[in-house]
Visitor: 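Sharing a structure below in structure tokens format, with a few things to ask.
Heavy atoms only: backbone and side chains are in, while hydrogens, waters and symmetry mates are out.
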Amino acid sequence: MEKILKKHFVLVHGFCLGAWCWYKLVNLLQKADHKVSSLDLGASGVNMKQLKEIVSISDYVKPLIDFMVSLPHDEKVILVGHSYGGLCISLAMEAFPQKISAAVFITAYMPNHKDPPALLIQEDLELAKMLIRPGKFFTEDMSKEGLLTQEKYGSVRRVYVLCQDDSIMEEEFQIYNIQKSPPNEVKSIAKAGHMVMISQPKKLSLCLQEIADNYH
């Protein structure tokens with residue numbers, strides 16, 4: 001008898017990382033019979049593009065946008081963004097709100113629909129210590145007014161996963177994100193650090209499965 005997959009999670013990595021960072025979480029979610037897609041954004045992970053070829057945020061998020069386009073019109077996914085990936089999934093939410101049952105921001109930048117997303121971006125020296133491949137913040141692209149709207153981005157239900165003991169996206173800054181753009185729900189993971197998918201994969205897996213059950 002063919003196995004019936006429960007939910008479809010789409011995992012979007014943070015700044016200078018790649019799909020590889022989700023390997024523990026992918027395994028746990030698949031063992032729980034969920035479908036999981038982990039993407040490499042432009043010039044990230046094993047994506048063949050070089051940084052010099054990525055001239056805009058559109059180039060950077062193109063793999064995610066192309067993936068969303070490829071989904072059947074009647075399929076909905078749980079879109080998950082980590083760190084800088086929160087800004088990336090926000091653009092997908094604006095473009096494909098009808099294909100997303102919920103968006104999960106894991107210790108991530110989470111913009112609102114009123115202010116340009118670039119207001120959240122901070123040049124952080126600590127972030128540079130974890131660079132795997134060079135990256136860009138695309139602040140000019142993300143400074144545009146009206147990039148996100150209440151009608152589209154604002155219509156997608158959002159959950160913020162606050163990660164304690166994060167020295168990159170400090171808890172105070174995560175709370176600032178939550179207050180500036182209140183989500184439907186906030187969850188918290190203790191002793192997570194920034195790379196929660198590696199430090200606490202079981203807790204994160206259970207957290208995402210709870211979200212999937214509540215937002216369908």
Visitor: Under the rule for side-chain hydrogen bond (donor to acceptor under 3.5 Å, both in side chains), what residues qualify as partners of Ser188, not counting sequence neighbours?
Guide: Gln164
Visitor: Between Leu28 and Pro201, is there a side-chain heavy-atom distance shorter than 4.5 Å?
Guide: yes
Visitor: Under a 4.5 Å cut-off applied to non-hydrogen side-chain atoms, are Asn27 and Lys31 in contact?
Guide: yes
Visitor: Answer yes or no: is there a donor N or O on one side and an acceptor on the other, between the side chain of Lys35 and the main chain of Lys7, under 3.5 Å?
Guide: no
Visitor: Check whether any side-chain heavy atom of Val104 sits under 4.5 Å from a side-chain heavy atom of Val161, and report yes or no.
Guide: yes
Visitor: Atom CG in Leu208, atom CG in Asp213: separation rounded to 0.5 Å?
Guide: 11.0 Å
Visitor: With distance as the sole criterion, is a donor-acceptor pair present between the side chains of Ser83 and His194 under 3.5 Å?
Guide: yes
Visitor: What is the minimum heavy-atom distance between Ser44 and Leu17, and which atoms define it?
Guide: CB-O, 3.4 Å
Visitor: Report yes if the side chains of Pro116 and Leu147 come closer than 4.5 Å at any heavy-atom pair, otherwise no.
Guide: no
Visitor: Give, for atom CG of Leu41 and atom OH of Tyr60, the distance between the pair rounded to the nearest 0.5 Å.
Guide: 4.5 Å
Visitor: Between Pro117 and Leu87, which heavy-atom pair has the shortest distance, and what is it?
Guide: CB-CD2, 3.8 Å
Visitor: Restricting to side chain to side chain contact (heavy atoms under 4.5 Å, CB included), what partner residues turn up for Asn184, sequence neighbours left out?
Guide: Arg157, Arg158, Tyr215
Visitor: Does Gln150 have any side-chain hydrogen bond (donor to acceptor under 3.5 Å, both in side chains) partners at least two apart in sequence or in another chain, and if so, which?
Guide: His113
Visitor: With sequence neighbours excluded, give me every salt bridge (charged side-chain N to carboxylate O under 4.0 Å, His left out) pair touching residues 190-199.
Guide: none
Visitor: Quick one: closest heavy-atom pair of Ala32 and Gln209, and the distance?
Guide: CB-OE1, 3.4 Å
Visitor: According to salt bridge (charged side-chain N to carboxylate O under 4.0 Å, His left out), does anything in residues 162-172 pair up with another residue at least two apart or in another chain? List the pairs.
Guide: none
Visitor: Which atom pairs, one a donor and one an acceptor, fall under 3.5 Å between side chains of residues 92-103 and the rest of the protein, sequence neighbours left out?
Guide:
from, atom 1, to, atom 2, distance (Å)
Glu94, OE1, Thr149, N, 2.8
Glu94, OE1, Thr149, OG1, 3.1
Glu94, OE1, Tyr153, N, 3.1
Glu94, OE2, Thr149, OG1, 2.8
Lys99, NZ, Met68, O, 2.7
Lys99, NZ, Leu71, O, 3.1
Ser101, OG, Val77, O, 3.3

Visitor: Considering all heavy atoms of both residues, which atom of Ala190 and which atom of Lys203 are nearest to each other, and what is their separation?
Guide: O-NZ, 4.1 Å
Visitor: Indicate if Tyr23 and Val36 have the same hydrophobic cluster label, given that clusters are the connected sets of ILVMFWY residues with side-chain heavy-atom separations under 4.5 angstrom.
Guide: no
Visitor: Hey, could you give me the CD/OG distance between Gln30 and Ser205, rounded to the nearest 0.5 Å?
Guide: 10.5 Å
Visitor: Run the side-chain hydrogen bond (donor to acceptor under 3.5 Å, both in side chains) test on Thr107 and His82 for me, step by step, so that the C-alpha distance in whole Å, both residues' side-chain angles and the decisive distance to 0.1 Å come before the verdict.
Guide: CA-CA 6 Å; Thr107 186; His82 171 250; 5.9 Å; no
Visitor: Does any N or O in the side chain of His34 come within less than 3.5 Å of the main-chain N or O of Leu29, such that one atom is a donor and the other an acceptor?
Guide: no
Visitor: Provide the closest heavy-atom pair for Gly193 versus Cys163 in the form atom of the first, atom of the second, distance.
Guide: O-CB, 3.5 Å
Visitor: Which distance, rounded to the nearest 0.5 Å, do you find between the CG of Leu79 and the CZ of Phe67?
Guide: 9.5 Å
Visitor: For Lys62, check side chain to side chain contact (heavy atoms under 4.5 Å, CB included) against everything at least two apart and list the hits.
Guide: Asp66
Visitor: Give a yes-or-no answer on whether the side chains of Glu151 and Ser155 include a donor-acceptor pair shorter than 3.5 Å.
Guide: no
Visitor: Taking all atoms of both residues into account, what is the closest heavy-atom pair of Ala212 and Ile78, and its distance?
Guide: CA-CD1, 4.1 Å
Visitor: Is the shortest side-chain heavy-atom distance between Leu204 and Ile189 below 4.5 Å?
Guide: yes
Visitor: Say whether Leu206 and Ile211 are linked into one hydrophobic cluster, either directly or through other cluster members, by side-chain heavy-atom distances under 4.5 angstrom.
Guide: no
Visitor: With side chain to side chain contact (heavy atoms under 4.5 Å, CB included) as the test, would you mind laying out the steps for Phe105 and Val80 before giving the verdict?
Guide: CA-CA 6 Å; Phe105 293 76; Val80 181; over 6 Å; no
Visitor: With Tyr160, which residues qualify under ring-ring contact (aromatic ring centres under 6.0 Å, His included), at least two apart?
Guide: none
Visitor: Taking only residues two or more places apart in sequence or in another chain, which ones pass side chain to side chain contact (heavy atoms under 4.5 Å, CB included) with Asn112?
Guide: Lys114, Asp115, Lys180, Ser181
Visitor: Apply the side chain to side chain contact (heavy atoms under 4.5 Å, CB included) test between Leu64 and each candidate in Leu91, Asp40, Leu39; give the one that qualifies.
Guide: Leu39
Visitor: Which value, rounded to the nearest 0.5 Å, describes the distance between Ile106 atom CD1 and Met169 atom CE?
Guide: 12.0 Å
Visitor: Please enumerate all residues that pass side-chain hydrogen bond (donor to acceptor under 3.5 Å, both in side chains) together with Ser38, with sequence neighbours excluded.
Guide: none
Visitor: Please identify each residue that fulfils side-chain hydrogen bond (donor to acceptor under 3.5 Å, both in side chains) with His8, with sequence neighbours left out.
Guide: Ser37, Glu75
Visitor: Can you check whether Tyr176 and Tyr109 have ring centres sitting under 6.0 Å from each other?
Guide: no
Visitor: Which residues pass the side chain to side chain contact (heavy atoms under 4.5 Å, CB included) test with Glu210, not counting sequence neighbours?
Guide: Lys187
